[in-house]
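Notes follow once the structure below has been shown.
Just so you know, these numbers come straight off a predicted model, no measurement behind them. In this chain, residues are counted from 1 in sequence order.
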Amino acid sequence: MGEQTKIQPQSQPVQSESQALPQIEAQVQTQSLSQPFNTPTTTTSELTTVPPPITSPPAKIPSRPRKIRKVSPNAAATTANDPNSSPTSTTTTTETPKSPAIKTPRTKTSQQLVIATPRIVARSLTCEGELEYAIHYLRNADPLLASLIDIYQPPSFDTFPTPFLALARSILYQQLAFKAGSSIYTRFISLCGGEAGVLPETVLALTPQQLRQFGVSGRKASYLHDLARKYRNGILSDSAIVNMDDRSLFTMLTMVNGIGSWSVHMFMIFSLHRPDVLPINDLQVRKGVQLLYNLPELPRPSQMDQLCEKWRPYRSVASWYLWRLQESKGSPSSVIAVSTSGNLTQQQQEDQQQPQLIDPINSILNLGRDVSG
């Protein structure tokens, strides 16, 4: 017998060339994807090649985002494991270009030390120690006014009655000498049943004929009724007047018929004791400024604020001393004597031309005091 040859089966079946080719391509793809993206490869089937950007004319908006196509690692792994998957699976990401940094000016947060003179807030002249401080302040602010302070007694301010009573009394005293005004005011008080009875309702109940029997003119009667009506309508009140600032108070009181700027200034000084009131329309105060500073002409009301600026915030007290100076003008005790007798004659003529509202300073002070019935 011939020797029989036994053919052993091979451990690995021999694959045909058509069957082995897909496996080789899959291995090549896996090896190329396992390498870093920045490592150059010579494989023709590499999927990480980014197509060149399409050049386009520059856009007007330079910050427009660009779309970059990148191969997702998950998609590459899926392609290697699944031959049926598309080898061009990609994911799209949006890359926003960085805008150029804009430099903004830095603001200094460090606080700068500002040295300013403390502002003096004046209180009512009846507050404890306020009048003494006002005199001390004026003495240092104006040497010429300090000479007056050394000569005359300091002012005194009594407790003022209710604002309505003080305003009614101011109306009654207008254009009258002190003696005549006091007589009419005393009869008016008795008609109202005393000072406590001088109320808006009481005044409105009095007819012009009743007031005229006690010496009150028809015009002043209309002024008193207008004041009482503004109280009754709520436009004015005692509490509002006390709490108003000087500017608002001046505006509101001059709305009353028969109450002008002079009356308001006198009311604010001698009834409310406001510290910084300058009666620019008062002839005696204007003459006092002329004497104090030896001015060739009488200062106009529009010039008074500038001339008396250094007296703030105690111009009420300074006005007191100017009244005293004008009261004793030409006497040896006055600080500034009138230069010539011709000036005296001119001032006397001005006194005759100016309507005399009330007697000199003693009469003005009595406006703020109670008058016994």
Side-chain angles (χ1 to χ4, degrees), residues 114-158 160 163 166 170 240-254 259-295 297-327 334-336 361 364-365 367-368:
V114 179
I115 301 176
T117 57
R119 182 177 180 180
I120 301 175
V121 179
R123 301 177 297 169
S124 172
L125 294 173
T126 55
C127 293
E128 183 179 359
E130 190 66 19
L131 181 60
E132 291 76 8
Y133 182 82
I135 294 175
H136 175 75
Y137 178 86
L138 292 173
R139 188 189 301 274
N140 295 331
D142 191 348
L144 292 178
L145 192 63
S147 302
L148 295 181
I149 295 174
D150 293 336
I151 293 176
Y152 301 112
Q153 294 293 327
S156 59
F157 297 94
D158 299 330
F160 66 91
S170 176
I241 288 175
V242 172
N243 295 321
M244 281 185 192
D245 60 273
D246 293 350
R247 185 184 299 272
S248 301
L249 182 60
F250 184 88
T251 302
M252 296 299 296
L253 291 183
T254 51
I259 297 182
S261 61
W262 187 89
S263 299
V264 174
H265 288 154
M266 297 302 105
F267 170 74
M268 292 171 67
I269 295 176
F270 296 106
S271 294
L272 299 183
H273 310 145
R274 297 290 176 91
D276 192 34
V277 179
L278 179 65
I280 59 176
N281 293 319
D282 186 88
L283 182 61
Q284 303 301 320
V285 174
R286 292 167 60 196
K287 288 181 178 180
V289 173
Q290 183 184 13
L291 289 173
L292 183 64
Y293 295 122
N294 196 19
L295 301 177
E297 297 180 355
L298 185 69
R300 296 187 299 272
S302 59
Q303 298 173 323
M304 291 292 290
D305 281 326
Q306 182 178 359
L307 292 172
C308 306
E309 179 66 25
K310 63 178 69 175
W311 300 340
R312 289 181 184 270
Y314 295 107
R315 293 181 296 177
S316 300
V317 181
S319 299
W320 168 285
Y321 285 102
L322 293 182
W323 276 312
R324 288 299 186 188
L325 172 62
Q326 181 60 23
E327 183 185 22
S334 62
V335 178
I336 306 297
I361 183 115
I364 296 178
L365 300 182
L367 285 176

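Counting only heavy atoms from C-beta outward, the side chains of Glu327 and Arg324 approach each other to under 4.5 Å. Inter-residue side-chain proximity for Pro154 and Tyr321 is flagged as met; some heavy-atom pair is nearer than 4.5 Å. The side-chain heavy atoms of Val277 and Ser319, taken from C-beta on, include no pair separated by under 4.5 Å. Looking only at side-chain heavy atoms (C-beta outward), Ser124 and Glu130 stay at 4.5 Å or farther from each other. Counting heavy atoms from C-beta outward, Met304 and Asn281 have side chains that stay 4.5 Å or more apart. With contacts defined as side-chain heavy-atom distances shorter than 4.5 Å, the pair Pro155/Leu131 qualifies. Here the side chains of Asp282 and Leu322 are not in contact, with every heavy-atom distance at 4.5 Å or above.
Atom NZ in Lys287 sits 5.5 Å away from atom CD in Gln326 (nearest 0.5 Å). The distance from the OG atom of Ser271 to the CD1 atom of Ile241 is 10.5 Å, given to the nearest 0.5 Å. In this structure, Arg300 CZ and Leu307 CG are separated by 10.0 Å, a value rounded to the nearest 0.5 Å. Atom OH of residue Tyr137 and atom CG of residue Asp142 lie 11.0 Å apart, to the nearest 0.5 angstrom. Here the NE2 atom belonging to His136 is positioned 4.5 Å from the CG atom belonging to Asn140, to the nearest 0.5 angstrom. Atom CG of residue Asp305 and atom CD of residue Gln303 lie 11.0 Å apart, to the nearest 0.5 angstrom.
Partners of Asp245 by salt bridge (Lys or Arg N to Asp or Glu O under 4.0 Å), not counting sequence neighbours: none found. Under the salt bridge (Lys or Arg N to Asp or Glu O under 4.0 Å) criterion, Asp276 pairs with Arg312, Arg315, sequence neighbours left out.
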Next on the checklist: I'd like to know whether Cys308 forms a side chain to side chain contact (heavy atoms under 4.5 Å, CB included) with Val289, so could you lay out the CA-CA distance, the side-chain angles of the two residues, the decisive distance to 0.1 Å, and finally the verdict.
Outcome noted: CA-CA 8 Å; Cys308 306; Val289 173; 4.0 Å; yes
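Taking every heavy atom of both residues into account, Pro279 and Met266 meet most closely at CB-CE, 3.8 Å. Residues Arg123 and Pro275 share a closest heavy-atom pair of O-CG, 3.3 Å. Shown here for Leu325 and Tyr152, the closest heavy-atom pair between the two residues is CA-OH, 3.8 Å. The minimum heavy-atom distance between Thr254 and Ser261, with the atom names listed, is CG2-N, 4.4 Å. Taking both residues in full, the closest heavy atoms of Val317 and Ile135 are given as CG1-CG1, 4.3 Å, listed atom of the first, atom of the second, then distance.
Applying the ring-ring contact (aromatic ring centres under 6.0 Å, His included) test between His273 and each of Trp320, Phe157, Tyr314 identifies Phe157 as the sole match.
A distance-only check finds no donor-acceptor pair linking the side chain of Arg274 to the backbone of Phe267 [under 3.5 Å].
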